[in-house]
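See below for the structure under consideration.
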Amino acid sequence: MSELYIRVAEDENEEPMEIPSEDDGTVLLSSVSAQFPGACGLRYRNPESQCMRGVRLVEGVLHAPESSWGNLVYVVNYPKDNKRKMEEIDAASAVKIKRGFQKTSDLIVLGLPWKTTEQDLKDYFSTFGEVIMVQVKRDAKTGNSKGFGFVRFADYETQTKVIAQRHMIDGRWCDCKLPNSKASPDEPMRSRKIFVGRCTEDMTTDDLRQYFMQYGEVTDVFIPKPFRAFAFVTFADDQVAQALCGEDLIIKGVSVHISNAEPKHNNIHQLFHNFPGGVASLAAMFGRSQYPFPSSHV
């Protein structure tokens with residue numbers, strides 16, 4: 001006999017879970033309570049009378065109504081005292097969360113030196129508290145580090161302390177942040193675009209695309225015309241873009257500097273007061289190209 005599953009939910013309006021039956025078509029109460037701790041039985045709504053009916057329970061074994069479980073959704077029964085205790089536990093848990101007892105999250109570590117290993121990360125972050133996971137992101141083809149990784153702590157207070165400061169790892173300053181998916185609504189999304197400074201005229205969009213593809217998927221390359229000795233490269237993954245910021249890279253034998261492509265409007269005049277043609281011409285060019293000003297000069 002092929003294994004049969006019945007649909008069980010804690011409430012009629014909740015998404016059901018499939019529970020396996022035994023070879024004879026019965027369902028063990030232990031199978032139900034394994035997924036719904038404290039369960040003492042099952043009930044279902046009769047399609048004809050629309051009344052709730054209990055499922056027969058004999059010595060820990062649940063028997064199908066009228067010899068067939070059908071396509072019904074069965075609702076879990078709890079003892080009244082047990083249900084009250086569960087509600088009290090849920091309320092207590094809610095109070096703990098309000099008091100700050102929260103679960104930890106994976107933190108992204110940006111700006112890692114290429115030589116940093118997972119053991120290096122674990123050794124460093126273990127000085128703050130118990131580390132339960134570390135990972136250095138690597139290129140699938142070359143195995144080389146992508147310049148960023150992840151760490152997770154056992155204690156929420158440790159996580160908060162680590163986020164609040166910068167970290168010197170293998171001789172380089174690194175930042176630990178919550179990934180965008182975990183960030184607060186007030187925190188802006190990180191840019192997927194980088195500013196490539198000190199470019200030379202012989203560098204083409206294909207040259208830049210081929211070079212930066214070693215770090216991750218490149219979605220766009222833009223070199224302003226007329227030539228201005230810089231370019232923009234956009235990645236599919238913002239983590240890759242942020243990991244490269246601050247780096248000096250060698251492209252076609254030339255050292256280029258990578259920085260964030262997000263604008264800093266407050267100091268834009270200071271950054272570009274020496275730019276040929278002045279700030280106005282540069283602003284006009286960016287307006288036409290729909291690319292933002294870089295955050296730092298080269």
Side-chain angles (χ1 to χ4, degrees), residues 90 92-140 144-195 212 214-220 232-247 258-266 292-296:
D90 290 342
S93 298
V95 171
K96 284 185 178 181
I97 290 175
K98 289 180 180 179
R99 289 178 180 173
F101 293 94
Q102 301 181 32
K103 292 182 179 180
T104 59
S105 304
D106 291 351
L107 302 180
I108 183 169
V109 187
L110 299 170
L112 285 177
W114 307 122
K115 66 179 182 179
T116 302
T117 65
E118 271 136 2
Q119 188 60 51
D120 294 332
L121 271 188
K122 186 171 184 179
D123 291 344
Y124 174 81
F125 285 112
S126 292
T127 61
F128 293 89
E130 183 183 353
V131 175
I132 58 178
M133 185 279 295
V134 292
Q135 180 186 30
V136 174
K137 295 299 289 183
R138 299 183 180 278
D139 184 90
N144 295 331
S145 169
K146 291 186 175 181
F148 67 95
F150 295 91
V151 62
R152 185 166 189 160
F153 296 94
D155 185 69
Y156 185 78
E157 290 182 2
T158 302
Q159 171 178 304
T160 303
K161 181 170 62 176
V162 167
I163 292 175
Q165 64 185 77
R166 299 195 78 194
H167 304 274
M168 177 64 73
I169 302 176
D170 286 340
R172 181 174 175 185
W173 286 110
C174 302
D175 293 301
C176 276
K177 299 180 180 180
L178 288 167
N180 284 338
S181 59
K182 299 289 185 179
S184 68
D186 297 331
E187 183 177 337
M189 297 287 282
R190 292 188 301 270
S191 175
R192 295 182 295 113
K193 190 186 291 100
I194 60 172
F195 178 84
F212 284 105
Q214 65 180 301
Y215 300 108
E217 181 184 351
V218 174
T219 60
D220 184 60
F232 292 96
V233 176
T234 305
F235 291 94
D237 189 341
D238 68 329
Q239 296 171 351
V240 174
Q242 294 303 309
L244 289 173
C245 288
E247 287 289 329
I258 310 301
S259 58
N260 199 310
E262 288 302 308
K264 286 189 178 178
H265 301 290
N266 293 337
F293 287 98
S295 61
S296 62

Notebook entry, point to check: Which value, rounded to the nearest 0.5 Å, describes the distance between I163 atom CD1 and T158 atom OG1?
Noted result: 11.0 Å
Checklist line | Side chain T219, main chain T234, donor-acceptor under 3.5 Å | finding: yes
Notebook entry, point to check: Can you tell if the side chain of V151 reaches within under 4.5 Å of the side chain of L121, non-hydrogen atoms only?
Noted result: no
Checklist line | Nearest heavy-atom neighbours spanning C174 and G111 | finding: SG-O, 3.3 Å
Check: NZ/K122 to CD1/I132 distance, rounded to the nearest 0.5 angstrom?
Finding: 10.5 Å
Check: More than 12 non-hydrogen atoms from neighbouring residues, nucleotides or ligands closer than 6.0 Å to NZ on K161, yes or no?
Finding: yes
Item checked: Minimum side-chain heavy-atom gap M133-D106 below 4.5 Å -> yes
Notebook entry, point to check: What distance separates N144 CG from Y215 OH, expressed to the nearest 0.5 Å?
Noted result: 9.0 Å
Notebook entry, point to check: Tell me, do Y124 and D170 make a side-chain contact under 4.5 Å, heavy atoms counted?
Noted result: no
Item checked: side-chain contact (heavy atoms from CB on, under 4.5 Å) between K137 and L112, worked out -> CA-CA 10 Å; K137 295 299 289 183; L112 285 177; over 6 Å; no
Next item on the list: Heavy atoms only: give me the nearest C176-F125 pair and the separation to one decimal.
Entry: SG-CZ, 3.5 Å
Notebook entry, point to check: Taking C-beta and beyond as the side chain, do V136 and D120 meet within less than 4.5 Å on heavy atoms?
Noted result: no
Checklist line | Q159 versus F153, closest heavy-atom pair with distance | finding: CA-CD1, 4.2 Å
Next item on the list: Give a yes or no answer on whether the side chain of T104 reaches the backbone of R152 with a donor-acceptor pair at less than 3.5 Å.
Entry: no
Next item on the list: Locate the shortest heavy-atom distance separating I108 from L178; write the atom from each residue and the value.
Entry: CG2-C, 4.5 Å
Next item on the list: Compare every heavy atom of K146 with every heavy atom of R138, then report the nearest pair and how far apart it is.
Entry: O-CE, 3.7 Å
Check: Going by heavy atoms in the side chains, are E217 and V240 under 4.5 Å from each other?
Finding: no
Next item on the list: Return the minimal non-hydrogen interatomic distance between I194 and F212, and the atom names on each side.
Entry: CD1-CE2, 3.9 Å
Notebook entry, point to check: Below 4.5 Å, heavy atoms only, C-beta onward: do Q242 and N260 meet side chain to side chain?
Noted result: yes
Next item on the list: Measure up the F148 and F150 rings against each other and bin them: parallel (under 30°), tilted (30 to 60°), perpendicular (over 60°).
Entry: perpendicular
Margin query: If I take atom CG from residue D123 and atom OG1 from residue T117, how far apart are they, to the nearest 0.5 angstrom?
Written below: 7.5 Å
Next item on the list: Keeping the roles fixed (side chain from R166, backbone from D175), state whether a donor-acceptor pair exists under 3.5 Å.
Entry: no
